[in-house]
> 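Quick one: this structure, given as structure tokens, is what I'll be asking you about.
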Amino acid sequence: MTERATLGVAVIGTGKMGADHVRRLHEVVSGARVSAVVDVDAERAKTIAARVDGCTAYTDPASAMAASDVDAVLIASPGPAHEAALLQAFEHDLPVLCEKPLTPDAASALRVVEAEQRLGHRRAQVGFMRRYDTEYVKLKSLLETGQLGRPLMLHNRHRNAASPPFFTSSMLISDSVAHETDVTRWLLGHEITAVTVLRPAPSANAPDDLQDPQFVVFETDGGALADVEIFVNCGFGYQVQAEAVCERGTARIGDGHAMVTNMAGRWGGTIAQDFVERFADAYDREVQAWVDATRRGEVTGPSVWDGYAAAAVCEAGVRSLNDGGRITVELVERPALYG
């Protein structure tokens with residue numbers, strides 16, 4: 001199939017993530033240009049659009065998608081707005097890269113799956129960027145060789161220096177552990193069948209109404225167990241780590257010891273302060289891979305099924321957090337479109 005010329009991309013949502021994707025498409029990624037930006041805040045959209053020659057600001061996603069210079073869509077708006085934007089993109093048969101979550105709940109995510117099925121071909125990739133991180137890619141490759149034997153357990157740690165003021169206890173699951181949900185499924189090649197969320201004593205550094213930290217346990221259909229320590233007010237920085245425990249060995253990533261300094265009677269390194277810093281390269285690779293595949297007329301990467309499965313697991317996790325106990329994950333039968 002002949003590659004398309006430079007891809008005209010409409011970026012929907014110009015908050016922290018959307019603005020960073022505009023910068024990435026404009027300055028880092030090859031083969032694409034930002035032809036439109038969309039935000040309900042017209043002035044913010046205009047400000048972002050003014051940074052890119054030939055970029056038009058819109059307040060309505062449908063208007064941007066109908067523009068002749070828009071070939072593809074990158075959705076970076078808040079999660080509740082994703083379903084409508086995805087369905088509009090499908091109406092135009094436009095390729096989409098949708099930031100996680102696909103949608104905030106399993107029912108709406110399933111509607112997106114069903115809508116894409118009606119198209120008869122994949123159109124959307126979900127932005128689970130850890131699949132493009134070099135350390136996670138190395139761990140995935142090692143597990144696939146079988147050298148370590150069958151995976152038995154996966155330990156995950158996810159820490160933020162401080163939570164945003166709007167963060168709720170359930171968002172630790174739906175917005176943060178959503179990443180561990182996807183990497184657990186991806187690394188192990190298993191579906192998650194049950195979730196249990198345990199509630200340690202809250203940290204004194206957490207807001208009064210926030211259950212932080214939390215300890216999450218996943219059971220999988222391959223017989224493995226995965227746990228997640230989610231601690232969003234650790235105070236010292238942003239850390240993401242994973243350790244696979246297998247029959248013949250273990251493998252760990254995320255220690256962040258690329259450079260260790262020794263000076264003034266002390267040794268140590270630095271800790272990233274947020275996800276944009278920690279996963280900057282992964283975001284670059286993710287968007288470049290999406291652009292390259294789209295120009296070839298292909299769709300690769302995490303599918304809307306992956307987004308739906310993550311939403312279902314997170315929904316079960318929130319139920320366990322609120323009601324206690326082990327919650328079974330309910331998934332529909334996986335459609336043939338998604339392998």
Side-chain angles (χ1 to χ4, degrees), residues 97-103 106 109 112-113 116 122 124-158 173-195 216-230 240-246 250-254 275 278-279 281-290 293 298-317 329 331-332 334-335 337-339:
L97 174 58
C98 180
E99 273 298 339
K100 71 89 195 167
L102 177 67
T103 67
V112 173
V113 169
E116 191 176 54
R122 284 189 58 189
Q125 174 180 325
V126 182
F128 288 121
M129 81 294 184
R130 291 193 194 175
R131 297 192 187 198
Y132 297 86
D133 176 71
T134 53
E135 290 189 77
Y136 274 103
V137 169
K138 287 179 181 177
L139 179 56
K140 171 71 169 174
S141 297
L142 177 60
L143 293 176
E144 287 183 336
T145 67
Q147 294 177 49
L148 298 182
R150 183 169 57 92
L152 305 174
M153 292 176 286
L154 180 67
H155 303 302
N156 299 282
R157 290 173 292 281
H158 186 164
I173 303 293
S174 60
D175 282 47
S176 297
V177 176
H179 283 293
E180 279 74 26
T181 299
D182 182 68
V183 295
T184 295
R185 297 178 60 254
W186 178 62
L187 287 172
L188 302 182
H190 301 171
E191 287 293 1
I192 296 169
T193 56
V195 186
V216 184
V217 179
F218 296 143
E219 301 170 39
T220 78
D221 61 1
L225 292 178
D227 61 74
V228 186
E229 173 209 310
I230 178 66
V240 167
Q241 300 166 320
E243 181 180 29
V245 178
C246 306
T250 68
R252 186 174 68 201
I253 61 171
F275 68 93
R278 166 63 180 84
F279 287 109
D281 290 342
Y283 281 116
D284 290 349
R285 282 188 286 273
E286 172 192 51
V287 177
Q288 185 66 70
W290 173 66
E298 300 173 2
V299 181
T300 60
S303 68
V304 297
W305 172 263
D306 295 312
Y308 159 70
V313 171
C314 288
E315 208 165 76
V329 177
L331 294 177
V332 301
R334 184 173 183 145
L337 182 62
Y338 308 108

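FYI, side chains are in, hydrogens and waters are out, and symmetry mates aren't considered; it's all heavy atoms of this structure. Along the sequence shown, residues carry numbers from 1.
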> State, to 0.1 Å, how close L148 and C246 come at their nearest heavy-atom pair, and which atoms those are.
O-CB, 3.0 Å

> Short question: side chain of N156, backbone of D227 - any donor-acceptor pair under 3.5 Å?
yes

> Between T193 and E219 (side chain of the first, backbone of the second, donor and acceptor by atom type, cut-off under 3.5 Å), is there such a pair?
yes

> Quick one: closest heavy-atom pair of E99 and G127, and the distance?
OE1-O, 3.7 Å

> How long is the gap from CZ on F218 to OG1 on T184, to the nearest 0.5 Å?
5.5 Å

> So, does E116 use its side chain to make a donor-acceptor pair with the main chain of A124 at under 3.5 Å?
yes

> Check whether any side-chain heavy atom of Y338 sits under 4.5 Å from a side-chain heavy atom of D306, and report yes or no.
no

> Please determine whether the number of non-hydrogen atoms from other residues, nucleotides or ligands lying under 6.0 Å from atom CZ of R334 exceeds 12.
yes

> Within this structure, what is the NE2-CD distance for the pair H158 and E229, rounded to the nearest 0.5 Å?
10.5 Å

> Closest approach of A178 and C314, non-hydrogen atoms and distance?
CA-SG, 3.6 Å

> Would the distance check show the side chain of Y132 and the main-chain N or O of A289 forming a donor-acceptor pair, the cut-off being under 3.5 Å?
no

> Tell me whether T145 contacts the main-chain N or O of L142 through its side chain, where contact means a donor paired with an acceptor under 3.5 Å.
yes

> Anything under 30° is parallel, anything over 60° is perpendicular, the rest tilted; go ahead and classify H179 against F128.
perpendicular

> Quick check against the 3.5 Å criterion: does K100 have a side-chain atom that pairs as donor or acceptor with the backbone of D175?
yes

> Do you know which two heavy atoms are closest between L102 and A109, and how far apart they sit?
CD2-CB, 3.9 Å

> At their closest point, which heavy atom of G254 faces which heavy atom of Q241, and how far apart are they?
O-CG, 3.2 Å

> Taking the side chain as everything from C-beta on, heavy atoms only, tell me whether E286 gets closer than 4.5 Å to Q125.
yes

> Which heavy-atom pair separates A106 from A312 by the least distance, and what is that distance?
CB-CA, 3.9 Å

> Do E135 side-chain atoms and I253 backbone N/O form a donor-acceptor pair below 3.5 Å?
no

> Rounded to the nearest 0.5 Å, how far does CD of E144 lie from CG of L139?
10.0 Å

> Are R130 and E180 ion-paired here, with the side-chain N under 4.0 Å from a carboxylate O?
yes

